[in-house]
Amino acid sequence: MKKSILISLLALSMATSVHASMIDSLQWVTVDNPDLHRLAPTLTTDYVQLGKSSQHWFIGVQGGASAFIGNPVGCGDLFDRIMPSFNAYVGKWITPDVGVRLAFQGLKYKNSNLDMADYQLGHADLMYDVANLFQQPSERLPKFDFAPFIGAGLVHGADQFYTDKERTRSYLFILTYGIHARYHFGERFYLSGELGNFTTFRDFDGYGSHGKLCDNMPSLTLGIGFNFGTPRWYHAIDANPYINQNDNLLAYVERLEQSNKQLRDQRSIDRKTLDELKKILEIEGLLGKYGYLFDNSDVGNVKNNYRGLLSLRSRLKGMNEYALPYSLQDRPNVLNIPIYFFFELGKAKLTDNSQLINLDELAKVAIEHNLKVHIAGAADSATGSENVNSALSKERARFIAKELSKRGVPTDRMKGVSLGGIQEFSNPKDNRYSRVSLYLEIDDEQPTN
């Protein structure tokens, strides 16, 4: 007896020390979880759907002031030359950045002698919206546009006289440039402001020589505009964030695989070690008593793992039928670890009929050694009312009693109790059981028929 105990302690000590040394020697892989989140689509800046020719048009009118600055300078300063100005235009954005427009400008101006005169000009401009350099690409129109422009056209400032009676309308070449700004207060309408200038030849006002660009007409105007056609731009979705996230996921999966491989290898070593220890216990006849210590494959879920029967058989092994009652007189109650039989939700039906094999073994042991049987029926308190669970637990206990009776166990040697709804285990399905224990002696209780 002492030898068996010594061997058992030695085997368990070996299992503990070997397992601890394997854990210490294991080279763990650090698996960093990447920052996973749902990506919001972002748009590219290098590609955009240009749309049809009928889209992205705009028109506008503006009013303000202008002042003629020419050569010769003449009398008066800049403020003496300020006059009302009018500007109208129509244009089209070719891309979100680049646009073209045709504009008409005119009204009155004061020449070098501060005489009032009419002028009109028409010009074509190329516009570039620099505000997009500071904004994220979007299919919605930005609130602000800030577009420098440059262009060319013709202007009429003063007629040329060839004789006293004969004159001709003179149109001069001009360069236009400036800044056009817009503020959208809707998808269609916007407010606009413009600071511009045109430069032309010295004889714009009828004074000065022809051939040099020198006369200027700066202007400041404010107005309102309207977008027609489709004002939005449709960008392509930027794939780079998705590519980067995919690369991170692939790297994460590779790290997980490395970690899993080490864990699989370690598990294989642990399993081989445990198998060897089980062989030692089997040789010494102690596997039935301690075999349940090796069954941890279903951690977290209660299972009918037969360890109660194995423990019982180990205790009965080597005892004859005459010595049994006397050798255990100091422990007249339960002989083994209780054995559980699990049922379907709301029924007195086993979840798996293979559990009946355990009933066969229980019946054989109880009959062979003239043992008494204690049956406790239970239901999970997570479902069903108190009355329903009480009745259900009784049905489950009766089911086991009837099955044992079919296998030859006398009904007068079976006692039963109803536990009702319980919370013994964290998983509700594990509380739907009948628990069977074999006794030498038990107190009188009502039989479960």
Novice: Step by step, work out the side-chain contact (heavy atoms from CB on, under 4.5 Å) result for D129 and W93.
Specialist: CA-CA 10 Å; D129 191 353; W93 290 104; 4.1 Å; yes
Novice: Could you check whether F144 and F134 have their ring centres less than 6.0 Å apart?
Specialist: no
Novice: Which is it for T176 and I150 under the side-chain contact (heavy atoms from CB on, under 4.5 Å) test, yes or no, and what are the steps along the way?
Specialist: CA-CA 6 Å; T176 57; I150 186 171; 6.0 Å; no
Novice: Less than 4.5 Å apart, side chain to side chain, heavy atoms only: is that true for V373 and I375?
Specialist: yes
Novice: Counting N and O atoms only, with roles assigned by atom type, does the side chain of D352 sit under 3.5 Å from a partner on the main chain of L350, one being a donor and the other an acceptor?
Specialist: no
Novice: Can the ring centroids of F68 and F204 be said to lie less than 6.0 angstrom from one another?
Specialist: yes
Novice: I'd like to know if the side chain of D380 and the backbone of T383 have a donor-acceptor N/O pair within less than 3.5 Å.
Specialist: yes
Novice: So, does N389 use its side chain to make a donor-acceptor pair with the main chain of S385 at under 3.5 Å?
Specialist: yes
Novice: Does CZ in F146 sit with more than 12 non-hydrogen atoms of other residues, nucleotides or ligands closer than 6.0 Å?
Specialist: no
Novice: Quick check on the 6.0 Å ring-centre criterion: do Y89 and H180 meet it?
Specialist: yes
Novice: If you apply the rule side-chain contact (heavy atoms from CB on, under 4.5 Å), what do you find for L404 with M414, and how did you get there?
Specialist: CA-CA 9 Å; L404 289 174; M414 289 187 284; 3.8 Å; yes
Novice: Any idea how Y171 and H156 line up, ring-wise: parallel (<30°), tilted (30 to 60°), or perpendicular (>60°)?
Specialist: tilted
Novice: Establish, for the pair R182 and F58, whether the NZ or CZ atom is under 6.0 angstrom from the six-membered ring centre and no further than 45 degrees off its axis.
Specialist: yes
Novice: Closer than 3.5 angstrom, by distance alone: can the side chain of T273 be matched with the main-chain N or O of I269 as a donor-acceptor pair?
Specialist: yes
Novice: Do the ring centers of H184 and Y190 come within less than 6.0 Å of each other?
Specialist: yes
Novice: Inspect the surroundings of CD in E254 and state if more than 12 heavy atoms from other residues, nucleotides or ligands are less than 6.0 Å away.
Specialist: no
Novice: Are there more than 12 heavy atoms of other residues, nucleotides or ligands under 6.0 Å from atom CD of E257?
Specialist: yes
Novice: Salt bridge check: are D360 and R407 linked by an N-O gap of less than 4.0 Å?
Specialist: yes
Novice: Verify side-chain contact (heavy atoms from CB on, under 4.5 Å) between E403 and F341, making sure each step is shown before the conclusion.
Specialist: CA-CA 12 Å; E403 290 295 326; F341 296 86; over 6 Å; no
Novice: Is NZ or CZ of R396 both nearer than 6.0 Å to the six-membered ring centre of Y433 and within 45° of the ring axis?
Specialist: no
Novice: I would like to know whether F198 and Y177 meet ring pair (Phe, Tyr, Trp, His ring centres under 6.0 Å); could you show each step before the answer?
Specialist: CA-CA 7 Å; F198 72 81; Y177 45 89; 9.3 Å; no
Novice: For a 4.5 angstrom cut-off between non-hydrogen side-chain atoms, does Q245 reach L39?
Specialist: yes
Novice: Y207 and side-chain hydrogen bond (donor to acceptor under 3.5 Å, both in side chains): which single residue from N113, D215, N111 fits?
Specialist: N113
Novice: Any salt bridge between E395 and R398, counting N to O under 4.0 Å?
Specialist: no
Novice: Are T221 and N87 close enough, and set up right, to give a side-chain hydrogen bond (donor to acceptor under 3.5 Å, both in side chains), and what steps lead you there?
Specialist: CA-CA 8 Å; T221 55; N87 186 20; 4.5 Å; no
Novice: Side-chain contact, heavy-atom cut-off 4.5 Å: E344 with R432?
Specialist: no
Novice: Return yes if some donor-acceptor pair links the side-chain N/O of Y109 with the main-chain N/O of G157 below 3.5 Å, else return no.
Specialist: yes
Novice: Show your working on side-chain hydrogen bond (donor to acceptor under 3.5 Å, both in side chains) between S393 and S418 and close with a plain yes or no.
Specialist: CA-CA 6 Å; S393 61; S418 170; 2.4 Å; yes
Novice: Between the side chains of S390 and N387, is a donor N or O closer than 3.5 angstrom to an acceptor N or O?
Specialist: no
Novice: So, are D118 and K108 salt-bridged, with charged N and O less than 4.0 Å apart?
Specialist: yes
Novice: Treating E194 as the side-chain partner and L222 as the backbone partner, does any N or O pair qualify as donor plus acceptor under 3.5 Å?
Specialist: no
Novice: Under 3.5 Å, side chain of K92 to main-chain N/O of Q55, donor-acceptor pair present?
Specialist: yes
